[in-house]
Amino acid sequence: GNVAPEQSLSVPLQLASATHIRLAIPKKSGIKSTLCKTDRFYVTERLMILPSGFSSNRIIRTSILCENNVDGFLSIKHLHFLLALKCNGGVVDICIEPVLKVINLLPCELQCQLGGIGRSTRKGGRQIAQTEVFALSSGKEGKCLSIDCGLSPHISIRLPGYKWSCWKKIVNRESNSLTWRPTEEDEVALFEASKEIAQHANEFKSIVHFDHKTAGGDP
């Protein structure tokens with residue numbers, strides 16, 4: 001069946017025993033790709049949707065190809081997203097969610113850029129490749145689909161009139177989640193807060209310093 005954004009689809013009873021699912025996006029052009037297995041749709045791999053328990057939650061990370069039209073130039077890119085399997089008393093809900101959400105709680109507009117670890121530099125380091133840039137008004141939420149969780153995702157932000165902040169690695173506060181996996185050093189540096197004594201201890205926290213685009217003024 002077809003599902004529109006923010007809508008749901010009830011699965012027929014005959015398919016209640018299904019163990020796998022594929023998601024697809026219809027093609028809008030004649031672009032051919034060796035990564036696409038059909039002529040009419042871009043599809044995901046076969047995803048097992050069996051719950052891990054009678055009442056349980058499980059997250060599957062996957063991606064799908066999609067056509068991208070920028071300034072009249074058509075290309076193919078990957079969309080990264082999550083399948084959240086929520087089983088309550090044997091009834092399974094499958095929620096398709098973006099791989100990352102950014103919420104602007106500041107009283108002004110916020111610009112964000114996302115990136116992942118890319119090619120090695122001449123000095124032997126790893127360069128961060130920008131994948132997405134967007135602006136968020138105060139109180140708005142940005143849904144990010146271009147970032148690959150497996151490429152050490154980073155985020156950089158700026159306010160109007162300021163330069164971009166330095167890149168900050170995104171890590172998951174929940175140690176039992178495989179969506180974002182921090183290094184041991186990141187865990188020591190960022191995860192010292194105790195759930196019992198600290199408010200919002202499960203959230204990713206970082207300190208960002210902004211510099212003015214022009215000389216003078218306070219940072």
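No experiment lies behind these values; they were computed from the predicted model shown.
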**Student:** Using atom types as modelled, flag every donor-acceptor pair under 3.5 Å from a side chain in residues 80-103 to any protein atom, sequence neighbours excluded.
**Tutor:**
none

**Student:** Could you walk me through whether H78 and L65 pass side-chain contact (heavy atoms from CB on, under 4.5 Å), step by step?
**Tutor:** CA-CA 5 Å; H78 274 95; L65 292 175; 3.5 Å; yes

**Student:** Would you please name every residue forming a side-chain contact (heavy atoms from CB on, under 4.5 Å) with Q130, sequence neighbours left out?
**Tutor:** Q113, V133

**Student:** Tell me, please, which residues at least two apart from K143 pass side-chain hydrogen bond (donor to acceptor under 3.5 Å, both in side chains).
**Tutor:** E141

**Student:** Please tell me if the side chains of T62 and I64 come closer than 4.5 Å, counting only heavy atoms from C-beta onward.
**Tutor:** no

**Student:** Which pair of heavy atoms, one from V43 and one from A24, lies closest together, and at what distance?
**Tutor:** CG1-CB, 3.7 Å

**Student:** Can you name the nearest heavy-atom pair linking G115 to I147, along with the distance?
**Tutor:** O-CD1, 3.2 Å

**Student:** Within the distance-only criterion (no hydrogens, no angle test), does the side chain of S156 pair as donor or acceptor with the backbone N or O of W164 below 3.5 angstrom?
**Tutor:** no

**Student:** Residues in side-chain hydrogen bond (donor to acceptor under 3.5 Å, both in side chains) with Q14, at least two apart?
**Tutor:** none

**Student:** Are any non-hydrogen side-chain atoms of H154 and L114 less than 4.5 angstrom apart?
**Tutor:** no

**Student:** Linking Ile, Leu, Val, Met, Phe, Trp and Tyr by side-chain heavy atoms under 4.5 Å, what else ends up with V3?
**Tutor:** L9

**Student:** L50: which residues meet the side-chain contact (heavy atoms from CB on, under 4.5 Å) condition with it, sequence neighbours left out?
**Tutor:** T19, M48

**Student:** For residues S63 and T44, report the shortest heavy-atom separation together with the two atoms involved.
**Tutor:** O-CG2, 3.6 Å

**Student:** Among all residues two or more places apart in sequence or in another chain, which pass the side-chain hydrogen bond (donor to acceptor under 3.5 Å, both in side chains) test with S52?
**Tutor:** S56

**Student:** CD of E45 to CZ of R22: how many Å apart, nearest 0.5 Å?
**Tutor:** 8.5 Å

**Student:** Any side-chain heavy atom of P51 sitting closer than 4.5 Å to one from R58?
**Tutor:** no

**Student:** Not counting sequence neighbours, which residues clear side-chain contact (heavy atoms from CB on, under 4.5 Å) with L159? List them please.
**Tutor:** L106, C108, L110, Y162, F210

**Student:** Quick one: side-chain hydrogen bond (donor to acceptor under 3.5 Å, both in side chains) partners of Q111, sequence neighbours excluded?
**Tutor:** R158

**Student:** Is the count of non-hydrogen atoms from other residues, nucleotides or ligands lying under 6.0 Å from L15 atom CG greater than 12?
**Tutor:** yes

**Student:** So how far is it from I128 CD1 to S152 OG, rounded to the nearest 0.5 Å?
**Tutor:** 9.0 Å

